[in-house]
Amino acid sequence: MGPGPSDVHSRVLAAMARPTIGHLDPAFVEMMEEIKDMLRYAFRTENELTIPVSGPGSVGMESCFVNLIEPGDTVIVCQNGAFGGRMKENVERVGAMPVMVEDDWGKAVDLQKAADALKANPGAKAVAFVHAETSTGVQSDAAALCALAAEHNALSIVDCVTSLGGTPVLTDEWGADAVYSGSQKCLSCMPGISPLTISARAAEVVRSRNKKGQSWFMDLTLVMGYWGEGASRVYHHTAPINPLYGLHESLVILQEEGIEAAWARHAAMHRALRAGVEAMGLEFLVAEDARLPQLNTICVPEDVDEAAVRSFLLSRYDLEVGAGLGALAGKVWRVGLMGHSARAENVFLFLTAMEDALSRQGTKIEAGAALPAAQAALG
Ligand SMILES: Cc1ncc(COP(=O)(O)O)c(C=O)c1O
């Protein structure tokens, strides 16, 4: 129950144990087409350029910047946590200029500040932001930010590493241009693959670059030679065969459940956790209207040794939760309810374990109130 990786479903583990076949084997090529179709379902898009990038979420992020941004471009980067900072690094390393729109950790991206930055920087090539900030548990208004970018003729680059499969990622409805995610959060697959989707407009930007980008590995014009439509498949790099079996299975599981049902399950598990946490007397960092159901940031009560609580949960209950990052280090716990981890039994285990840990530290909590509250919330 940390901020990812989440629990991997046994069906996904079993799929990854199947024999490794060639990356140009007709059976594998057929599976690639199914993966692309199922990713379109997950991303809610018709984008042709929708693929699983070989590499973790950071490679999906970097693929967007090295393909869409060129040296000298200006990019509006919204930062309200750790991963917006990584976007800034990417922009700088491409040789472009980041214009930062900064908000406090724990707050959503301020739309007015983003609009002001766009007005002050006409000709900005893109607006980049994190939809679901895993470092704080905040969800920003992706629809509004993508619309702002489009109004100013800028591309939108959206980090949905933690949102895909957990809360609505509506690529086409938002009009988003480049959206990337990770396999290890709400898709509950092993870490190491980054689903990516690129709009037709952004694909045209990639194709019509003035100069080759600096990355050979992430050059989408080359990668699409392997992942593209039709019978001709050109070797680019050896695809991670077994992890892709796993991704395929996790997407089959998502389709079986139905994506709306998966979103509803994440919301229901969050409501149960919240009821228990609040009944215990603990508080959330993030205001309710900006809270991610799949990443719950709980404030550490005064005089509690937060690291000792985490190591007690791990050693006594075999339960992992995350620590705060950056400015939030020592101040919060990050409790994931992602994908296959978002189950009632996990909510109950967490509440039981946390109550035990805090009681042992002598913290004043409402003992015995959490579980009944969570059960009542589940109905
Ligand atoms: C919002 C966000 N963006 C990007 C990343 C980077 O993903 P990865 O660690 O898979 O490279 C993460 C990882 O946790 C993340 O939470």
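In this text the structure is predicted, and so the values were computed from the model without any measurement. In each ligand, atom 1 is the first atom listed, and ligand 1 is the first ligand listed.
Looking only at protein heavy atoms, the nearest one to atom 11 (O) of ligand 1 is S58 OG, 2.5 Å. Taking atom 5 (C) of ligand 1 as the reference point, the nearest protein heavy-atom neighbour is F83 CE2, 3.5 Å. From the protein, the heavy atom lying nearest to atom 16 (O) of ligand 1 is T134 OG1, 2.4 Å. Considering only non-hydrogen protein atoms, atom 8 (P) of ligand 1 sits nearest to G57 N, 3.5 Å. Among all protein heavy atoms, the one lying closest to atom 14 (O) of ligand 1 is K185 NZ, 2.7 Å. Atom 9 (O) of ligand 1 has its closest protein heavy atom at Q184 NE2, 4.0 Å. Shortest contact from atom 3 (N) of ligand 1 to any protein heavy atom: D159 OD2, 2.6 Å.
Not close to ligand 1: G192, with no non-hydrogen atom less than 4.0 angstrom away. A heavy-atom separation below 4.0 Å is not found between E133 and ligand 1.
Residue contacts with ligand 1 for P3 are absent, since no atom lies close enough (heavy atoms, distance under 4.0 Å).
In this model, a donor atom of one side chain and an acceptor atom of the other lie less than 3.5 Å apart for D172 and T45. There is a side-chain donor-acceptor pair under 3.5 Å between E133 and S135. A side-chain donor-acceptor contact under 3.5 Å links Q294 and T167. In this structure, a donor-acceptor pair under 3.5 Å is absent between the side chains of S140 and H131. Checking T50 against T197 by side-chain atom types alone, a donor-acceptor pair falls below 3.5 Å. S199 and D177 share a donor-acceptor pair across their side chains, judged by distance under 3.5 Å alone.
For E46, the CD atom is loosely surrounded, since the number of other residues' heavy atoms within 6.0 Å does not exceed 12.
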